[in-house]
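Report on the following structure.
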Amino acid sequence: MDRQKALQEGAVYLGLYLVLMFITLWVPVIGLVTFLFLPVPFIFFTYKYDLKAGAVLATLSFFFLFIIFGPLALPLTMLFSVSGVVIGELFRLKKPAFAVLAGGSFSFIGSIVLIFVGSVLLLGVNPVEEIQNVMIDSAEMTEDMMFFMGDEEAFSTEAVTEVIDEMAVIAPALMVMTGAGLALTVQLIAFWMLKRKKYEPVRFPPFREWGFPKAFIWYYLITYIFILIGVDEGTAIHTAVANLATVLEAVMVIQGFAFMFFYFHRKRLSPVIPVLLVGVSFLLPVFLHIIRILGIIDLGFDLRKRMNEQK
């Protein structure tokens, strides 16, 4: 490794990271976009050099952030620098795309959990409760607006409050899905940027080929047996079942979307159609139930395998 060149590039990547951090924290709207690019400098630097070099850059970023932001530097470093180094090293080792996703997900999830625990123990602030309070205030403002518009029956704060209250129960599942979603998004951004720089990171297989192990269908069925039997609220079993159900429902939705893309590809139809259907599903959540059922059938009965055998 050319030490002089590594030092020069490290300084450039560190400067880029700090600029992105300032934009993320202090520039509205644009900061929501730059937030997703914060791990990228560490991914690039670690990919080009090695894990040790990436760790040194992450350590330097912590010290610079500590000078500027104080203790806030620790959670920022864990969430972006460490996760970037992990993803960059897995890219460098040419690990399969899903292995990179798993490593990035564990890194992001671990960081989110540590930040949550630190916030509660050190600051006495529960981030979930703070988010719930903001959402309840927003719901009450919406109800007041509907009342003044003479359409008070169009919006019910009670129904929304029940959903918000459930957030405290499924907080672990939300942390897992947030971490995995961040890892996937950052990995796709980094892959695209590395390709533009003529590097060759391992790509994901086409989405139509994505699928989860068949064991997930049994986890799903066992979880819903507990739901049908009924579990007392407030118990550890209720919390575990609620979180498992949330994560496994998301798994089945992804499985269903993958089958949908497979079906349209097999029928030689435009890929634009399933993309539009994905958008419609999120705009009209009732379609997500259909997609989830499709995912359950595909995973349980190996629909794609059966269709390929019939080809």
Side-chain angles (χ1 to χ4, degrees), residues 29-37 97-98 101 104-105 108-109 112 128 131-132 134-136 138-139 141-142 146 154-157 159-189 191-192 204-212 216-217 220 223-224 227 242-267 269-300 303-304:
V29 183
I30 297 176
L32 295 175
V33 178
T34 56
F35 166 81
L36 297 172
F37 286 81
F98 284 111
L101 177 59
S105 297
F108 274 111
I109 293 167
I112 291 170
V128 175
I131 293 172
Q132 285 179 303
V134 171
M135 294 177 70
I136 289 173
S138 178
M141 289 176 60
T142 303
M146 292 294 182
F155 185 86
S156 173
T157 305
V160 176
T161 302
E162 289 180 6
V163 176
I164 295 173
D165 288 341
E166 186 68 14
M167 284 182 60
V169 178
I170 62 171
L174 296 178
M175 291 181 191
V176 169
M177 291 192 292
T178 300
L182 276 173
L184 176 61
T185 305
V186 169
Q187 184 176 343
L188 291 174
I189 291 171
F191 175 84
W192 173 72
F204 278 108
F207 184 57
R208 64 180 180 273
E209 297 178 8
W210 288 26
F212 291 90
F216 274 81
I217 195 68
Y220 187 82
T223 300
Y224 268 83
I227 292 175
N243 282 278
L244 281 172
T246 302
V247 172
L248 291 171
E249 283 180 356
V251 166
M252 296 306 160
V253 168
I254 295 170
Q255 184 83 21
F257 280 139
F259 175 79
M260 185 173 68
F261 274 80
F262 166 82
Y263 180 82
F264 280 94
H265 178 265
R266 191 172 186 275
K267 295 296 182 180
L269 297 172
S270 172
V272 175
I273 300 174
V275 171
L276 291 175
L277 289 175
V278 170
V280 170
S281 298
F282 285 102
L283 291 173
L284 301 172
V286 65
F287 285 102
L288 285 179
H289 296 294
I290 299 172
I291 297 297
R292 188 173 76 243
I293 293 170
L294 188 61
I296 294 169
I297 296 171
D298 177 43
L299 191 58
L303 285 187
R304 277 176 276 183

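In what follows, residues are counted from 1 in the order of the sequence shown.
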Looking at residues at least two apart in the chain, or sitting in another chain, which of them share a ring pair (Phe, Tyr, Trp, His ring centres under 6.0 Å) with F212? F216
Approximate separation, where rounding is to 0.5 Å, of T178 OG1 and F108 CZ: 11.5 Å
I'd like a table of donor-acceptor pairs (distance under 3.5 Å, sequence neighbours excluded) in which one partner is a side-chain atom from residues 289-297, with atom names and distances.
| unit_1 | atom_1 | unit_2 | atom_2 | d |
| --- | --- | --- | --- | --- |
| H289 | ND1 | R292 | NH1 | 3.2 |
| R292 | NE | Y220 | OH | 3.2 |

Between A258 and R304, what is the shortest heavy-atom contact and its length? CB-NH1, 3.6 Å
Is the CG atom of L269 crowded by more than 12 outside heavy atoms at less than 6.0 Å? yes
Using side-chain contact (heavy atoms from CB on, under 4.5 Å) as the criterion, point out the one residue from V272, L277, V275 that pairs with F264. L277
P172 to N243 - nearest heavy-atom pair and separation: CD-OD1, 3.3 Å
In Å, rounded to the nearest 0.5 Å, how long is the span from CG of L244 to CD of E249? 11.0 Å
Between the CD1 atom in I254 and the CG atom in L299, the distance rounded to the nearest 0.5 Å is 12.0 Å
Evaluate the ring planes of F204 and W210, with Trp represented by its six-membered ring, and classify them as parallel (under 30°), tilted (30 to 60°) or perpendicular (over 60°). tilted
d(T185 OG1, L36 CG) to nearest 0.5 Å is 6.0 Å
So does R266 get a backbone contact from the side chain of R208, meaning a donor-acceptor N/O pair under 3.5 Å? no
Which atoms form the tightest heavy-atom contact between A242 and V169, and what is the distance? CB-CG1, 3.8 Å
Would you name the heavy atoms of P274 and M260 that are closest together and state the gap between them? O-CE, 3.5 Å
Go through V186 and F35 one step at a time and tell me if the side chain to side chain contact (heavy atoms under 4.5 Å, CB included) criterion holds. CA-CA 10 Å; V186 169; F35 166 81; over 6 Å; no
Side chain to side chain donor-acceptor pair (under 3.5 Å) involving Q255 - partner list, sequence neighbours excluded: D298
I'd like to know if the side chain of Q187 reaches the main chain of A97, judged simply by a donor and an acceptor atom lying under 3.5 Å from each other, with no hydrogens or angles considered. yes
Using the test ring pair (Phe, Tyr, Trp, His ring centres under 6.0 Å), find all partners of F261 that sit at least two apart in sequence or belong to another chain. F207
Going from CG on L182 to CD1 on I109, what distance comes out if it is rounded to the nearest 0.5 angstrom? 9.5 Å
Pairs where residues 272-285 contributes a residue and the test side chain to side chain donor-acceptor pair (under 3.5 Å) is met, not counting sequence neighbours: none
Correct closest heavy-atom pair for S105 and A180 would be OG-CA, 3.5 Å
Neighbour count above 12 (heavy atom, 6.0 Å) for F287 CZ: no
How many angstroms lie between atom CD of E166 and atom OG1 of T246, to the nearest 0.5 angstrom? 7.0 Å
Name all residues meeting the side chain to side chain donor-acceptor pair (under 3.5 Å) criterion together with T223; count only those two or more places apart in sequence or in a different chain, and write none if there are none. none
Applying side chain to side chain contact (heavy atoms under 4.5 Å, CB included) to H265 and F262, what does each step give before you reach the verdict? CA-CA 5 Å; H265 178 265; F262 166 82; 5.8 Å; no
